[in-house]
Amino acid sequence: MASEAGGRASREEVARAMSPHGGGEPDMAAEAGGGASREEVARAMSHGGGEPDMAAESSGRVDGEKEDEGWRSYESVFTNQKAGMDDVDRDWVKKVVYENSKNSPHFRNEQRKAEQATRRIQEMLRRKEALLSQNQLAGYDQSAAKLVAELEATRDLSHWWFHVDMDAFYASCHELMDPTLAGVPMAVGGVGMISTANYQARKYGVRSAMPGFIALKLCPDLKFCPSDFALYKTKASEVRAILAQYDPNFLAAGLDESYLDVTSCLEARGESPDALARCIRDHVRRETGLTCSIGVACNRMLAKICSDLNKPNGEFVLQRSREAVLAFTSSLPVRKVPGIGKVTERILSGLGLNLARDLVSRSSAGLVVALFSEKASGALLRAGLGLGRSGAPDEDAGAGRKGISVERTFRPLRGKGLEAKLAEICAKLEDAMMDKGLRARHITVKMKGTDFVVRTKSKTLPFYTNSAEAMLQHATKLTSFDSDLRLIGVRMAGFEGDAVEQGQATLDSLFLDREPEEPAVSSVGGGGYFCETCKKHVAETKAEHEDWHLARSLQREVWSAGGLGASRKQAALPSKKAKCVGGMDLFVTKRPRKME
DNA sequence: GCGGATCAC
DNA sequence: TATGGTGATCCGC
Ligand SMILES: Nc1ccn([C@H]2C[C@H](O)[C@@H](COP(=O)(O)OP(=O)(O)OP(=O)(O)O)O2)c(=O)n1
Ligand SMILES: [Mg+2]
Ligand SMILES: [Mg+2]
């Protein structure tokens, strides 16, 4: 996606049932031939030839021919629940995706990863059995009970949080520019990859991160819009300007979603959360022409889950009581919890934990604590209790970006051709880093082979840099040029002035090497000088060169004052302090923990 | 400090 | 024919 820095999110939805508030207007969804018919199945799946390839049901198989049932077990990311997918024939989608993927290197790599996850799950189950057979779970049950009690004591029901998430954001932006698009199934991206799709296209199973050529099999009439980030950024700031009126300290998490603490706003207006959510949605739609959905709850995690329940153009209010929250997690599939993805869902499922509330049940909380790392189990228990961040975002944490990277996919290359790609990438990275006034010393090269296997190679430099030359020199040493790659990328992290380095700053400055000086290239006359930001010798005079830096910055965005030399530039507050912090928690990675 | 894996948009 | 780009975190070693 775009520059906006970290944020979490996930869509997915819980049983749409319980919702007290439905989407507003009748809206889209109405006409536009819903879904695809059975007969289209064969067409979508037949490669080239005109074989009948009859639908699965047809029992009259010809002689020894065996039906390929592989699709049943192919759980691609495209078949899980997602806003706009209720009426989709999931088995049909699964089958079409499978049939159009199965012989590709990409597919084989997915299979490899899935098998790896399976091994991990089995290892976990093995450890569970070991614990059971040795009757060691009792101790964990006890410590889990204590942990749960401690967590429960932190429950904070005093805030009202809104999570505002734009509907089919990129696609809606294009529909705004060309209203004729609004009536037809449309996706943003191209035959290679789709960023998102409007809700008409979603009826066919078309969705984010799906290759366009597969989407075309699902929906032959699908129209594509090439992406236009400038457009999305413009619309995003329009939306944020509105949201800031309801909470000047709102948190932006990516271009299309924000968290608002409206506790005091509600107080001041003497309004109900329902009414305010409605008001904000109307306001956004009136001024931008875009629809959004809002989730309302006492903390950010729950609000985020709720914003998906009545998408598109809807809202969901989770009442602010312990009972309501626990009832909610009791029917909440773990997959809906932000941070629990495909793999973690499989792991939990293997343990018989399917609903969030299961994670804290008397019978399994101990298991969670026993099998997962301290961080992971803490996060899982919190999810089960419906606890999340509800206070002001940490001033300190997530204060800024921690890395910056550029990567590109291309027709498989090696040798000289690959060297050229690497050079291009380093040039782009230099651009981006100079724009932001960043220099860093951890360099990582990312390589993806034609088999889609990803490898990274990294090292720490003895100096900070953002010069394309320096980065290229070291990236080259980290890269394998002797086999075909389909992607290469470079990431820089460990920024000058970052926390890790704060206390050490003076010491570092004494011990860190200087980047090897440039051979003082001729340059014209006498005018050149050594620019600290570029970390290289430039031909212009100092004044000229600094002007150039200035112009360069202004061209792209407005920066706050004080940007002398290499100091880190600050975005000139879009609305207030829209810090793009990932408000969630530290979920992710739940690996087997060392016993004891 | 490094490399792999997972997750989110 | 054909499966993206950016950023973050966590864990084991
Ligand atoms: N794998 C992804 C997921 C999303 N996006 C982009 C396109 C989306 O428009 C935008 C916002 O992501 P959402 O998950 O909020 O999805 P949408 O806004 O498109 O749809 P929804 O109505 O489900 O929120 O981010 C992307 O480029 N790649
Ligand atoms: Mg959205
Ligand atoms: Mg979103």
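Nothing here was measured: the structure is a model prediction, and the numbers come from that model. Every chain is numbered from 1, with letters handed out A, B, ... down the list of sequences.
- Contact annotation: A:Arg401 side-chain N/O to C:dT6 OP1/OP2 distance is not under 4.0 Å.
- The residue A:Ser104 sits close to a base: some heavy atom pair falls under 4.0 Å.
- Positionally, the nearest nucleotide of DNA chain C for A:Ile194 lies more toward the 5' end than for the other of A:Ile194 and A:Ser405.
- The A:Val191 side chain lies nearest to C:dA2 when the options are C:dG5, B:dC7, C:dA2.
- Residue A:Arg486 contributes atom CZ, which lies 7 Å from atom C1' of C:dT3 at whole-angstrom precision.
- If you take CD of A:Glu407 and P of C:dG4, they are 10 Å apart, rounded to a whole angstrom.
- Of the candidates C:dT3, C:dG5, B:dC7, the closest approach to any side-chain atom of A:Lys342 belongs to B:dC7.
- Within 6.0 Å of CZ in A:Arg455 there are 12 or fewer heavy atoms belonging to other residues, nucleotides or ligands.
- In this structure, the CD atom of A:Glu110 is 16 Å from the P atom of C:dA2, given to the nearest Å.
- In this model, a side-chain donor or acceptor of A:Ser101 finds a partner on the base of C:dT3 within 3.5 Å.
- A:Glu110 is linked by a side chain to side chain contact (heavy atoms under 4.5 Å, CB included) to A:Tyr74, A:His106, A:Lys113, A:Lys342, counting only residues two or more places apart in sequence or in another chain.
- Atom CZ of A:Phe410 is separated from atom P of C:dT3 by 13 Å (rounded to the nearest Å).
- Under 4.0 angstrom from either OP1 or OP2 of C:dG5 there lies at least one side-chain N or O belonging to A:Thr409.
- Between A:Ser373 and the phosphate of C:dC10, there is no side-chain N or O to OP1/OP2 separation shorter than 4.0 Å.
- Relative to the side chain of A:Lys446, the nucleotides C:dT9, C:dT6, B:dC7 differ in distance, and C:dT6 lies closest.
- For A:Arg108 and C:dA2, the CZ to C1' distance is 14 Å, given to the nearest whole Å.
- Residues from residues 448-460 of chain A lying near DNA chain B, meaning a heavy-atom separation below 4.0 Å, are A:Arg455, A:Thr456, A:Lys457, A:Ser458, A:Lys459, A:Thr460 in numerical order.
- The CG atom of A:Asn109 sits 12 Å away from the P atom of C:dT3 (whole-angstrom rounding).
- Nearest heavy-atom pair, A:Phe107 versus A:Ser101, reported as atom, atom and distance to 0.1 Å: CB-O, 3.1 Å.
- Distance from the side chain of A:Met193 is smallest to C:dG4 among C:dA2, C:dA8, C:dG4.
- Taking the side chain of A:Gln116 as heavy atoms from C-beta on, and the options C:dT9, B:dT6, B:dA5, the nearest nucleotide is B:dA5.
- The two residues A:Ile443 and A:His474 make their nearest non-hydrogen contact at CD1-CB, 4.4 Å.
- Of all nucleotides listed (C:dG4, C:dG7, C:dT6), C:dG4 comes nearest to the side chain of A:Ala209.
- At the phosphate of B:dT6, OP1 or OP2 sits under 4.0 Å from a side-chain N or O atom of A:Arg120.
- Heavy-atom contacts from other residues, nucleotides or ligands closer than 6.0 Å to NZ of A:Lys457 number 12 or fewer.
- Between the side chain of A:Thr329 and the backbone N or O of A:Gly384, at least one donor-acceptor pair lies under 3.5 Å.
- Using a 4.0 Å cut-off between charged nitrogen and carboxylate oxygen, A:Arg408 and A:Glu424 do not count as a salt-bridge pair.
- To the nearest angstrom, P of B:dT6 lies 13 Å from CZ of A:Phe372.
- Look at A:Asp451 and A:Arg112 and you find no salt bridge, because none of the NZ, NE, NH1 or NH2 atoms lies under 4.0 Å from a carboxylate O.
- If you measure from atom NE2 of A:His442 to atom C1' of C:dA8, you get 15 Å, rounded to the nearest angstrom.
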